[in-house]
Amino acid sequence: MHRWIPVLFIPALLFAGCAPKTAAPLSDGTFSVAYEEPDATGWTAFLELTVKDGKIAKVNFDYWGSGEAQGTVKSENPAYNEAMAAVTGTKPEEYLALLEADLLKSQDVDQVDLITGATTSSEDFKTFARLALEASQKGDLRPVLLPQP
């Protein structure tokens with residue numbers, strides 16, 4: 001009987017390492033991520049993510065304008081929205097809201113789908129959301145500023 005004991009423990013040890021890792025809990029607060037400067041077209045991506053009761057309660061992702069677009073955001077800039085829709089079939093006033101809604105519903109950045117015609121914005125959103133969630137897990141309310149890629 002003693003010979004069987006090691007054989008029974010080996011599978012148990014192998015499967016013990018397969019348990020899913022739990023992420024650190026989210027701290028309440030508003031966490032922000034932004035690029036330090038505008039991109040080549042004059043827009044600066046930013047995200048503000050609010051956590052309440054340990055869950056994502058609000059997300060605001062957009063782009064601040066500079067130059068002629070100073071004081072506006074992409075989602076509310078009619079000229080930019082019309083021009084982008086004509087070329088890509090989508091526009092910031094639509095796809096930014098979809099990205100935000102996906103994250104609020106799923107509570108998981110990996111479950112947020114990329115938007116066709118807005119791939120760069122979708123990737124920025126996911127990167128920014130991950131960084132904001134990491135800051136929340138650390139309880140760090142300082143803004144995260146990134147260099148423009």
Identify all side-chain donor-acceptor contacts of residues 57-64 below 3.5 Å with residues at least two apart in sequence or on another chain.
unit_1: D62; atom_1: OD1; unit_2: K74; atom_2: N; d: 3.2
unit_1: D62; atom_1: OD1; unit_2: S75; atom_2: N; d: 3.2
unit_1: D62; atom_1: OD2; unit_2: S75; atom_2: OG; d: 2.4
unit_1: Y63; atom_1: OH; unit_2: S121; atom_2: OG; d: 2.8

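- In terms of hydrophobic clustering, with Ile, Leu, Val, Met, Phe, Trp and Tyr side chains grouped at heavy-atom distances under 4.5 Å, L47 and L146 are assigned to a common cluster.
- By the 4.5 Å heavy-atom criterion applied to side chains, T88 and Y95 are not counted as neighbours.
- Under the 4.5 Å side-chain heavy-atom criterion for Ile, Leu, Val, Met, Phe, Trp and Tyr, I56 and F46 are members of distinct hydrophobic clusters.
- Atom CG of L131 sits about 11.0 Å away from atom CG of L145, to the nearest 0.5 Å.
- Rounding to the nearest 0.5 Å places CD of Q137 at 10.0 Å from CZ of F31.
- Judged by distance alone, the side chain of S136 and the main-chain N or O of A132 form no donor-acceptor pair under 3.5 Å.
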### Task
Might you work through the side-chain contact (heavy atoms from CB on, under 4.5 Å) test for L103 and L49, ending with a clear yes or no?
CA-CA 10 Å; L103 183 58; L49 184 143; 4.0 Å; yes
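- Remark: T44 OG1 to E36 CD distance equals 10.5 Å, nearest 0.5 Å.
- Here the side chain of K52 pairs no donor or acceptor atom with the backbone of D28 at under 3.5 angstrom.
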### Task
Show the numbers, then the answer: is there a side-chain contact (heavy atoms from CB on, under 4.5 Å) between N77 and K91?
CA-CA 10 Å; N77 185 296; K91 51 190 171 182; over 6 Å; no
### Task
Take T116 and T90 through the side-chain contact (heavy atoms from CB on, under 4.5 Å) test and state the conclusion after the steps.
CA-CA 8 Å; T116 302; T90 189; over 6 Å; no
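- With a 4.5 Å cut-off on side-chain heavy atoms, R130 and D110 count as touching.
- Between G42 and P38, the shortest heavy-atom distance links the atoms C-CB, 3.7 Å.
- Separation of atoms CD (E93) and CG (N81) is listed at 4.5 Å; rounding is to 0.5 Å.
- In the hydrophobic clustering of ILVMFWY residues, with side-chain heavy atoms under 4.5 Å counting as a link, V73 and F125 come out apart.
- Checking each of T50, L141, V51 against T30 for a side-chain contact (heavy atoms from CB on, under 4.5 Å) leaves exactly one that passes, namely T50.
- For S106 and D108, the side-chain atoms include no donor-acceptor pair closer than 3.5 Å.
- A distance of 6.0 Å separates CD in Q107 from NZ in K55, rounded to the nearest 0.5 Å.
- Criterion: ILVMFWY side-chain heavy atoms under 4.5 Å apart, direct or through other members. Under it, L99 and L114 are not part of a common hydrophobic cluster.
- Both L26 and L104 are part of a single hydrophobic cluster, where members link through side-chain heavy atoms under 4.5 Å apart.
- Remark: M84 CE to E94 CD distance equals 10.0 Å, nearest 0.5 Å.
- Y35 and F128 have their aromatic ring centers within a separation under 6.0 angstrom.
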